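In this chain, residues are counted from 1 in sequence order. Keep in mind the model is a prediction, meaning the values are calculated, not measured. What you see below is based on every heavy atom in this structure, not just the backbone, and it leaves out hydrogens, waters and symmetry mates.
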Amino acid sequence: MTRLFGACCLAAALALPQPAGDAPDQFYDSHFHLTNYIQEGITAKRFLEIMGARVGRSTLFGIPLQQQWSYGNSGDFAPAYYLQSDAPLYYYSFTDAWIASQYRSLPPEQQARFDPMITGFNPADMYAADHIRRVLTTFPGVFSGIGEFSIHKEFVSSKISGETASLTNPALDRILDFAAEAGLVVILHNDIDMPFAKPDAEPVYLTQMKALLKRHSTASIIWAHTGLGRVVHPVQVSAEAAERTPNHVEIVQAMLADPALSHLSFDISWDEVAKYAVSSPQSIERVATMLNKYPNRFLFGTDTVAPASADAYFAVFDMWGSIWRQLTPEASLKVRKGNYERMFNEGRRRVREWERLNVK
């Protein structure tokens, strides 16, 4: 019975809807939050209405953290975002069951447009890998990957109750070891630098991030936002330091050229990242040149959180218009759709096979 179930899940996962051609304003969304920091949002059915014909497929995940409503801190004001309160954040594991329930509420042809992700774990907990395994065995046929989950994140890491996550914690190694075993696609948020960092210095988390990636060369890892944040800007250099300290695009390109990091991809999600990319004609040219040079290693994502309307959702994609127009047709198609399809098709296939062998 188990093998029959696994075979049926694998067949369903691979029976994906075939796109009817391509248009420059169509994409697959590699980074989408169905719920927010107080676990409220929209339904998967509503999101399908927003996606319409422009978005063929999308990831589907919540946010693993819950903002505490501390009456002593904000009184009757109920904070809905982590910047609206000084009260702590805590991990909210029920998010995975909620995402699974939303996915399962859809008919198979609509399920095929989504790649749900597991996020409800504490990456500083040695039991986190066991949580991920438990979610897969409880909800077989649902999940394709893990993430977006965060290690170092501006203004967030310091608010989380308990031990602070780090790139050197063996708990994170256990998570990535299991992701590689099960074939789960990984979306990892880690700021490349501290907020308000000094110019002309190597980003503080870059060396640790490279070491982590090289320790897990068999995992399929997407570095969210290319390591940027709201105030973690692209690496800046002065004229005097330009020869010894590369800028952000050069750092990313050096990683893409490293054979030891061939398993690494980057997503260019979030409107904050788009602002950096299109901030000047020089920036537009640098980013477009990089995407044209490494078209297989980037995925577009919106990083929108429970959008209220189609206009709010598509605004992030439209911000990239000046860069889309500078890409070759091949690069544009890969960044908008092809790399997502390649990575998540393989993730689905491998996870369904792991479930076939391990779900009793």
Exercise. Is it true that atom CE of M319 has more than 12 heavy atoms of other residues, nucleotides or ligands lying nearer than 6.0 Å?
Worked result: yes
For this session: Please state whether the rings of W324 and W320 are parallel, tilted or perpendicular, taking 30° and 60° as the class boundaries.
Result: tilted
Problem set entry | Summary of ring pair (Phe, Tyr, Trp, His ring centres under 6.0 Å) pairs that have at least one residue in residues 156-192, sequence neighbours excluded | F178-W354, H189-H225
Exercise. Relative to each other, are the rings of H33 and F61 parallel, tilted or perpendicular (30° and 60° limits)?
Worked result: perpendicular
Problem set entry | Co-membership, hydrophobic cluster, residues V186 and L261, 4.5 Å side-chain | yes
For this session: Sequence neighbours left out, what pairs pass side chain to side chain donor-acceptor pair (under 3.5 Å) with at least one residue falling in residues 306-315?
Result: D29-Y313
Exercise. Parallel, tilted or perpendicular: which fits the ring planes of Y81 and Y37, with parallel below 30° and perpendicular above 60°?
Worked result: perpendicular
For this session: Determine whether the side chains of E202 and T207 contain a donor N or O and an acceptor N or O closer than 3.5 Å.
Result: yes
Exercise. Does the side chain of Q253 pick up a donor-acceptor pair with the side chain of K293 at under 3.5 Å?
Worked result: no
Exercise. Judged by modelled atom types alone, do R134 and T138 share a side-chain donor-acceptor pair under 3.5 Å?
Worked result: no
For this session: Tell me, yes or no, whether the heavy-atom count around Y127 atom OH, taken from other residues, nucleotides or ligands under 6.0 Å, exceeds 12.
Result: no
For this session: Under the side-chain contact (heavy atoms from CB on, under 4.5 Å) rule, what do L188 and I222 come out as? Steps first, then yes or no, please.
Result: CA-CA 6 Å; L188 174 62; I222 300 169; over 6 Å; no
For this session: From the options K153, M209, Q208, select the one residue that forms a side-chain contact (heavy atoms from CB on, under 4.5 Å) with N190.
Result: M209
Problem set entry | Test log, rule side-chain hydrogen bond (donor to acceptor under 3.5 Å, both in side chains), inputs Q67 and K159 | CA-CA 9 Å; Q67 173 62 59; K159 290 191 65 175; 2.9 Å; yes
For this session: Run the numbers on E181 and R133 for side-chain contact (heavy atoms from CB on, under 4.5 Å), then give the verdict.
Result: CA-CA 11 Å; E181 173 192 329; R133 179 189 295 268; 3.9 Å; yes
Exercise. So, N345 versus R57: side-chain donor-acceptor pair below 3.5 Å or not?
Worked result: yes
Problem set entry | E285: partners by salt bridge (charged side-chain N to carboxylate O under 4.0 Å, His left out), with sequence neighbours left out | none
Exercise. Going by an N to O cut-off under 4.0 Å, is there a salt bridge joining D258 and K210?
Worked result: no
For this session: Examine the side chains of D115 and Y340 and answer whether a donor and an acceptor come within less than 3.5 Å of each other.
Result: yes
For this session: Give the minimum heavy-atom separation between L176 and A219, together with the two atoms involved.
Result: O-CB, 4.2 Å
For this session: Decide whether N122 and H131 meet the rule of one side-chain donor and one side-chain acceptor closer than 3.5 Å.
Result: no
For this session: Establish, from distance only, whether the side-chain atoms of N339 and R342 form a donor-acceptor pair under 3.5 Å.
Result: yes
